[in-house]
Amino acid sequence: MTNPLDISPSAVISPDARIFPSTRGSAIRIGNFSHVMEFAIIRAVGGAGDVSIGEHSYINPHCVLYSGNGIDIGDHVLIAPGTCIVPANHAFRTRDLPIRLQGFKESRGGVVIEDGVWLGANCVVLDGSRIRRGAIVGAGSVVTGEIPEYSIWAGIPAKAIGMRP
Ligand SMILES: CC(C)(COP(=O)(O)OP(=O)(O)OC[C@H]1O[C@@H](n2cnc3c(N)ncnc32)[C@H](O)[C@@H]1OP(=O)(O)O)[C@@H](O)C(=O)NCCC(=O)NCCS
């Protein structure tokens, strides 16, 4: 059986962070020397995906990561305060039931954030997003899809505003 919580002994987890492992078989993994800072929340909920954080990555205060359809974060990733990564969508196919009772939409593949990405403060990253190696996402952006490597994106929805030199 998958270990529901696999945290490297060298990872730094604030005593004020909250991590809620799955009771249904998905996993949360946090790699060597990664930091999860105070008041960040990582919760296995809303789907069968895992949350995987590589090495030397930083999840800053007040970030919320719900596993949903899966979150795969690479190495040396910086996620600024207040960012919300929830790769799941409630279904809303009928008006005759509260959304709460309609389950979830089909997965769009979860969220992938590759090595060396920097996400600014208060971003929202939606299911199906792929943020490629070394990209930057500006503060307050909503990411909905593919962001090419080493590019700079910002806004709602996020659009390209430049390239890294
Ligand atoms: C994305 C960012 C790195 C871009 O910096 P930059 O390359 O110096 O970009 P500029 O300031 O030259 O802005 C370029 C254009 O993008 C726009 N822009 C920049 N950041 C933006 C943002 N977050 N949302 C929307 N538009 C943004 C600017 O208004 C400008 O538009 P214009 O050309 O029409 O005038 C920076 O703006 C940012 O958002 N940093 C995040 C800071 C943060 O969250 N820190 C947390 C601590 S880790």
Side-chain angles (χ1 to χ4, degrees), residues 5-21 27-47 49-90 105 107-165:
L5 191 58
D6 179 6
I7 301 180
S8 161
S10 64
V12 180
I13 313 296
S14 164
D16 292 318
R18 295 286 184 271
I19 298 176
F20 300 89
I28 295 173
R29 289 182 288 272
I30 303 175
N32 297 335
F33 306 106
S34 283
H35 290 239
V36 178
M37 304 183 75
E38 54 278 11
F39 311 116
I41 295 173
I42 303 175
R43 185 187 287 269
V45 69
D50 296 339
V51 177
S52 180
I53 300 171
E55 302 188 352
H56 300 277
S57 289
Y58 285 73
I59 312 298
N60 273 281
H62 297 284
C63 286
V64 175
L65 278 60
Y66 284 180
S67 58
N69 299 312
I71 301 174
D72 186 2
I73 295 171
D75 301 334
H76 303 284
V77 170
L78 301 174
I79 303 186
T83 288
C84 191
I85 307 176
V86 179
N89 284 290
H90 289 282
K105 280 189 155 182
S107 170
R108 294 180 183 176
V111 163
V112 175
I113 301 175
E114 294 185 352
D115 297 347
V117 163
W118 173 31
L119 285 178
N122 288 317
C123 289
V124 175
V125 183
L126 300 180
D127 190 21
S129 297
R130 302 278 178 276
I131 307 176
R132 300 300 182 192
R133 171 185 296 265
I136 295 173
V137 179
S141 300
V142 176
V143 179
T144 58
E146 172 102 12
I147 294 193
E149 61 180 20
Y150 301 110
S151 61
I152 308 172
W153 285 49
I156 302 174
K159 304 276 187 210
I161 62 165
M163 287 297 290
R164 286 178 61 185

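Each ligand, and each atom within it, is numbered from 1 in the order the structure gives. The first residue in the sequence is number 1, and the count goes up from there.
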Sequence neighbours left out, cut at 3.5 Å: what donor-acceptor pairs do the side chains of residues 116-125 make with other protein atoms?
none

> Got a protein heavy atom sitting under 4.0 Å from atom 5 (O) of ligand 1?
Replying inline: no

>> Among N89, V142, V111, V86, exactly one meets side chain to side chain contact (heavy atoms under 4.5 Å, CB included) together with L126. Which residue is that?
In response: V142

> Please state which protein non-hydrogen atom is closest to atom 7 (O) of ligand 1 and give its distance, to 0.1 Å?
Replying inline: I152 CD1, 4.3 Å

>> Can you confirm whether some protein heavy atom lies under 4.0 Å from atom 36 (C) of ligand 1, or whether none does?
In response: no

> Of the non-hydrogen atoms in G49 and S67, which two are nearest, and what is the gap between them?
Replying inline: O-CB, 3.5 Å

> Any protein heavy atom under 4.0 Å from atom 9 (O) of ligand 1?
Replying inline: no

> Has the side chain of D50 got a donor or acceptor atom that lies under 3.5 Å from a matching backbone atom of A27?
Replying inline: yes

> Any protein heavy atom under 4.0 Å from atom 12 (O) of ligand 1?
Replying inline: no

> Which residue and non-hydrogen atom of the protein lie closest to atom 17 (C) of ligand 1, and at what distance in Å?
Replying inline: I161 CD1, 4.2 Å

> Is there a donor-acceptor pair closer than 3.5 Å between any side-chain N or O of S57 and the backbone N or O of G74?
Replying inline: yes

> At a 4.0 Å threshold, what atoms of ligand 1 neighbour a non-hydrogen atom of G120?
Replying inline: 44 (O)

>> Does the protein come close to atom 31 (O) of ligand 1 - that is, does one of its heavy atoms sit below 4.0 Å from that atom?
In response: no

>> If you define the side chain from C-beta out and look only at heavy atoms, does anything of I42 sit under 4.5 Å from I30?
In response: yes

> Applying a strict 4.0 Å limit to heavy atoms, is W153 in contact with ligand 1?
Replying inline: no

> Which of the atoms of ligand 1 are close to A121, meaning less than 4.0 Å from one of its heavy atoms?
Replying inline: 43 (C), 44 (O)

> Charged N to carboxylate O below 4.0 Å: is that the case for E146 and R130?
Replying inline: no

>> Counting non-hydrogen protein atoms only, what is the nearest one to atom 1 (C) of ligand 1? Give residue, atom name and distance.
In response: G138 CA, 3.4 Å

> Between G46 and A88, which heavy-atom pair has the shortest distance, and what is it?
Replying inline: O-CB, 3.8 Å

> Which residue owns the protein heavy atom closest to atom 24 (N) of ligand 1, what's the atom, and how far is it?
Replying inline: A154 CB, 3.6 Å

> What atoms of ligand 1 come within less than 4.0 Å of a heavy atom belonging to A80?
Replying inline: 46 (C), 48 (S)

>> Donor-acceptor pair, distance only, cut-off 3.5 Å: does the side chain of E114 make one with the backbone of R133?
In response: yes

>> Any protein heavy-atom neighbour for atom 28 (C) of ligand 1 (distance below 4.0 angstrom)?
In response: no

> How far is atom 23 (N) of ligand 1 from its nearest protein heavy atom, and which residue and atom name does that atom have?
Replying inline: A139 O, 2.8 Å

Just distance, no hydrogens or angles: give the donor-acceptor pairs under 3.5 Å from side chains in residues 150-165, sequence neighbours left out.
from, atom 1, to, atom 2, distance (Å)
S151, OG, P148, O, 2.6
S151, OG, W153, NE1, 3.1
R164, NH1, G134, O, 2.8

> Of the protein's non-hydrogen atoms, which lies at the shortest distance from atom 45 (N) of ligand 1, and what is that distance?
Replying inline: W118 CZ2, 3.9 Å

